[in-house]
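Chain naming here is simple, since letters A, B, ... match the order of the sequence lines and numbering starts at 1 in each. It should be emphasised that the depicted structure is a prediction, and the values quoted were computed from it without experimental measurement.
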Amino acid sequence: MRDQRMSRGENILHARLRGRESGKGQGHKNTTPIIAAFRAIEYNNPVMDYLQRLNPQQREAVTAPPGPVLILAGPGSGKTRVLTYRVAYLVGALGIRPFHILAVTFTNKAAREMEHRIVAAIGAQARGATISTFHATCARILRREADHLPFNANFVIADTDDQRRLVKDVLQELNLDPKQYSPQKLHAAISRLKNEGIFPEDFTPSSYGEKILKRVYEAYQNRLLSSNLVDFDDLLLWTLHLLQTVPAVHQRYARRFQHILVDEFQDTNLVQYELVRLLGAHHRNIFVVGDADQSIYSWRGADYRNVLRFEQDFPDAKVILLEQNYRSTQTILDAAMAVIAPLQGKHRKRLFTDRGAGQKIVVRRVPDDREEARFVVETIASLVARGQARPGDFAIMYRINAQSRVLEEAFLRAGLPYRLVGAQRFYGRREVKDALAYLRLAHNPADEVSLMRVINVPPRGIGAKTIAALRTVAQRAGLAPGALLLHMAAAPEDYQRLFSPRALKALLSFARPLAQWYSLALTTPPADLMTTILTDVGYKEYLLDGTEEGEERWENVRELHRLASRYHDEGLSAFLEEVALVSDQDTLEDADNTPILLTLHAAKGLEFPSVFIVGLVEGLLPHSRAWDNLNEMDEERRLFYVGLTRAKDQLYLTYPETRMLYGYAEPAEPSRFLEEIPPDLTTGDHPARETGGYQAPRWEPAPPQAPHREPQFHTGDKVRHPRWGTGLVIGSRIKDGAELVDVAFESVGLKRLDAVLARLEKIA
DNA sequence: GCATCGGATTTTTTT
DNA sequence: AATCCGATGC
């Protein structure tokens with residue numbers, strides 16, 4: 001009731017506002033109390049100041065009347081700004097309670113940033129709005145509504161690794177040969193079904209392969225449920241199911257979320273679309289922002305056609321195009337447009353800026369990925385040294401994570417700090433996963449994936465045989481193996497007939513502490529619980545095997561402990577959820593002024609003054625997986641487009657003549673996308689520019705390695721270093737194409753330096 | 001049950 | 001190159 005009234009009030013206010021806007025010429029004749037009130041808001045409210053700073057299209061978007069709104073926003077067109085001010089406007093100008101606002105993004109970082117900016121715009125009155133990711137929002141709803149669901153509220157979120165393990169397990173259970181039915185592919189197929197909103201029982205197989213798929217999907221889903229687990233896709237799927245089948249729940253959330261805003265709308269999948277549509281079915285206050293040209297997640301079920309669907313489902317939607325770019329130079333935009341020109345689309349954009357042409361794009365051909373990395377590091381180092389840039393101005397982007405390695409090495413070698421975006425690096429580590437599995441188990445002993453992960457780590461005499469026996473007994477008892485263990489700890493005598501003495505002893509050695517952790521988990525903060533568990537099982541001693549690697553692993557566990565200690569008040573459940581839902585982008589902190597290494601995917605939504613895109617060769621970008629698939633090829637193109645449009649001022653594009661494949665160097669062709677960039681926009685080694693030159697016949701052995709360079713410095717030379725002053729060269733040699741010079745400085749003594757990086761000069 | 005070795009297999013991108 | 005898997009020997 002109350003909600004209804006409020007939203008009617010909003011509409012009245014809004015109608016007045018619009019009337020006033022369109023009738024500007026009429027002056028201030030109409031001074032009803034409500035308009036007077038509105039003017040007071042206008043002059044006292046910071047939001048209204050900000051409105052002045054938006055361009056007409058942005059302002060139109062921000063102040064659009066409630067109802068369906070579709071914003072098609074080119075890169076750098078101020079889309080985050082529009083979203084942020086829209087929320088600020090809803091609250092500050094229309095008086096909507098934040099409680100009624102739901103803004104969804106794809107990463108926690110984006111959500112945090114939006115919240116931060118909203119608070120900056122309208123202050124503390126913004127508190128209470130739900131600004132979060134799809135997945136986190138759904139997880140919250142599921143926990144609250146667990147009564148209606150086939151799992152309970154302390155479910156744990158299964159990550160990709162868990163999911164893959166489960167599929168493998170299931171294959172074994174069904175006696176299917178994992179070589180014949182790739183777990184990877186089956187898992188992908190299951191995920192695709194889930195993203196389309198299809199539960200196992202809804203799936204009608206139409207071929208033998210699909211029959212198998214259905215069986216695996218069913219078994220997989222049963223395993224998840226019996227473990228009280230939920231995978232990423234389930235978070236969305238179960239929430240949709242809930243809204244569709246439980247009217248009371250649907251009403252509750254549809255009433256609560258009177259205004260829904262969605263960022264990166266082109267990356268929503270069908271289930272997400274349906275969620276939004278259902279939640280907004282009554283009030284229709286749905287404000288979505290997207291750019292079909294930046295759709296790069298179709299492999300994850302994202303469907304940019306949701307943009308079209310939206311237009312169909314809400315034919316009265318206000319559609320606003322944001323085309324002016326405030327980020328990049330025209331040169332960069334021209335290159336970006338050339339790259340996506342071959343794509344077909346309804347609204348082909350024209351990107352423009354008033355920033356001017358700017359610098360040409362630097363294109364660089366290099367012999368291999370190591371030289372490429374060296375080029376990147378040297379370029380950065382020399383620009384920074386000359387005071388022309390700050391280290392934090394640079395981002396280096398690549399197609400696949402494996403490419404980061406060489407880059408990291410180059411930075412390390414040069415002694416320059418860098419930051420790598422990627423959570424997997426940490427959360428994917430074995431020791432981190434082990435420690436988390438213990439915590440998950442203490443929280444939810446039914447979790448079979450976690451149980452199997454750590455039941456014999458460190459080794460405690462529970463091998464395949466014992467595990468099989470445990471599973472059989474558990475199945476007969478109708479319990480999850482973990483639950484059975486708890487019972488076993490309480491009443492070991494019941495199990496003497498069921499297990500061999502040896503197996504029973506081994507199982508009890510795990511079951512007893514498990515039971516303790518389980519009761520401890522209710523009251524103990526996560527970090528303390530972790531300490532207890534790891535001490536109980538002797539995990540530290542297990543890791544510290546005297547090797548350096550062991551030290552490193554233990555260090556990672558301690559890092560996890562530090563993270564856990566931040567959840568002292570929120571508790572274990574919150575910690576586990578947070579850990580499951582961190583995205584790669586979330587690991588990026590913008591403060592620390594160092595170059596950033598990241599995949600092109602992770603770069604979406606970010607911007608940097610200078611951007612390197614490396615590895616621009618066929619097979620990498622476009623990735624070889626896309627070679628025989630037009631849709632995927634288009635997506636590769638968009639991915640490159642996303643990368644290009646991250647740059648504000650300067651782009652560097654590099655392509656090695658070889659690429660590494662499974663540890664071997666293979667000859668590589670320049671990327672077709674690179675060739676499509678008009679050469680005029682570039683300087684350096686654009687592939688089209690070398691057509692006149694001599695080209696070695698392909699079949700001949702590769703030309704001699706990188707030109708063997710002679711040292712430029714010789715023993716006895718006098719040199720000057722920008723920081724250490726003058727010194728005497730006492731030796732020099734070429735290593736990995738770099739010249740390493742030993743210099744005795746008058747100030748600091750003996751140093752070995754890279755001649756280029758150190759900007760060493762000869763003096764007479 | 002456990003450690004070790006050799007061979008196969010892998011990688012696209014991520015909530 | 002690095003990890004995973006299975007077979008082998010203890």
**Q.** Between B:dT15 (P) and A:Lys194 (NZ): distance, integer Å
**A.** 18 Å

Q: Taking A:Thr239 for its side chain and A:Leu235 for its backbone only, find out whether a donor-acceptor pair lies under 3.5 Å.
A: yes

Q. Among the nucleotides B:dT11, B:dT15, B:dT13, which one has an atom lying closest to any side-chain atom of A:Thr133?
A. B:dT15

Q) Among the nucleotides B:dT14, B:dT13, C:dA1, which one has an atom lying closest to any side-chain atom of A:Tyr662? A) C:dA1

(Q) If I take atom OH in residue A:Tyr641 and atom P in nucleotide B:dT13, what distance separates them, rounded to the nearest angstrom? (A) 24 Å

**Q.** N or O in side chain of A:Gln184 less than 4.0 angstrom from B:dT9 OP1/OP2
**A.** no

Q. So A:Phe575 and A:Tyr567, would you call those rings parallel, tilted or perpendicular, with 30° and 60° as cut-offs?
A. tilted

Q: Check the angle between the aromatic planes of A:Phe199 and A:His241 and answer parallel, tilted or perpendicular using the 30° and 60° thresholds.
A: perpendicular

Q) Which one, C:dA2, B:dT11, B:dT14, comes nearest to the side chain of A:Arg405? A) C:dA2

Q) Out of B:dT15, C:dA2, B:dT11, which nucleotide sits closest to the side chain of A:Ala402? A) B:dT11

Q. Which word best sums up how the rings of A:Phe510 and A:Tyr438 line up, parallel for under 30°, tilted for 30 to 60°, or perpendicular for over 60°?
A. tilted

Q. With a 6.0 Å cut-off on ring centres, are A:Phe106 and A:Tyr297 close enough?
A. no

Q | Whether A:Phe265 and A:Phe310 hold their rings parallel, tilted or perpendicular, with breakpoints at 30° and 60° | A | perpendicular

**Q.** Rounded distance (Å) that lies between atom P of C:dA1 and atom CG of A:Asp368
**A.** 14 Å

**Q.** With sequence neighbours excluded, residues passing salt bridge (charged side-chain N to carboxylate O under 4.0 Å, His left out) with A:Glu666
**A.** none

Q: Using whole Å, report how far CZ of A:Arg192 lies from P of B:dT14.
A: 18 Å

(Q) Would you measure the distance from the P atom in B:dT13 across to the matching atom in C:dC4 and give it in whole Å? (A) 15 Å

Q: Mind calculating the distance between CG (A:Asp233) and P (B:dT14) to the nearest angstrom?
A: 16 Å

Q) Is the distance from OP1 or OP2 of B:dT14 to the nearest side-chain N or O of A:Thr107 less than 4.0 Å? A) no

Q.
Output the rounded distance in Å from CG (A:Asn108) to C1' (B:dT14).
A. 13 Å

Q. Rounding to a whole Å, what distance do you find between A:Arg430:CZ and C:dA2:P?
A. 16 Å

Q: Indicate yes or no: at least one non-hydrogen side-chain atom of A:Met397 is less than 4.5 angstrom from one of A:Leu621.
A: no

Q) According to the 5.5 Å centroid and 30° plane-angle thresholds, does A:Phe106 stack upon the nucleobase of B:dT15? A) no

Q.
Without decimals, in angstroms, what is the distance between A:Arg429 CZ and C:dT3 C1'?
A. 13 Å

Please list, for nucleotides 1-3 of chain B, all pairs of protein and nucleotide N/O atoms separated by less than 3.5 Å.
residue : atom : partner  : partner atom : Å
B:dG1   : OP1  : A:Gly463 : N            : 3.4
B:dG1   : OP1  : A:Thr466 : OG1          : 2.5
B:dG1   : OP2  : A:Ala464 : N            : 3.4
B:dG1   : OP2  : A:Lys465 : N            : 3.3
B:dC2   : OP1  : A:Gly461 : N            : 2.9
B:dC2   : OP2  : A:Asn456 : ND2          : 2.9

Q. For the side chain of A:Gln403 and the backbone of A:Ile400, is there at least one donor-acceptor N/O pair under 3.5 Å apart?
A. yes

Q. Pick the nucleotide of DNA chain B nearest each of A:Leu236 and A:Glu632; which residue has the one closer to the 5' end?
A. A:Glu632

Q. If we require ring centres under 5.5 Å and near-parallel planes under 30°, does A:Phe134 stack on B:dT15?
A. no

Q: Respond yes when some side-chain nitrogen or oxygen of A:Asn269 is under 4.0 Å from OP1 or OP2 of B:dT15, and no when none is.
A: no

Q.
Given B:dT15, B:dT11, B:dT14, identify the nucleotide with an atom nearest to the side chain of A:Ile400.
A. B:dT11

Can you check nucleotides 4-10 of chain C for protein contacts, nitrogen or oxygen pairs under 3.5 Å, and list what you find?
residue : atom : partner  : partner atom : Å
C:dC5   : OP1  : A:Lys168 : NZ           : 2.6

Q) A:Thr658 side chain to A:Pro367 main-chain N or O, any donor-acceptor pair under 3.5 Å? A) yes

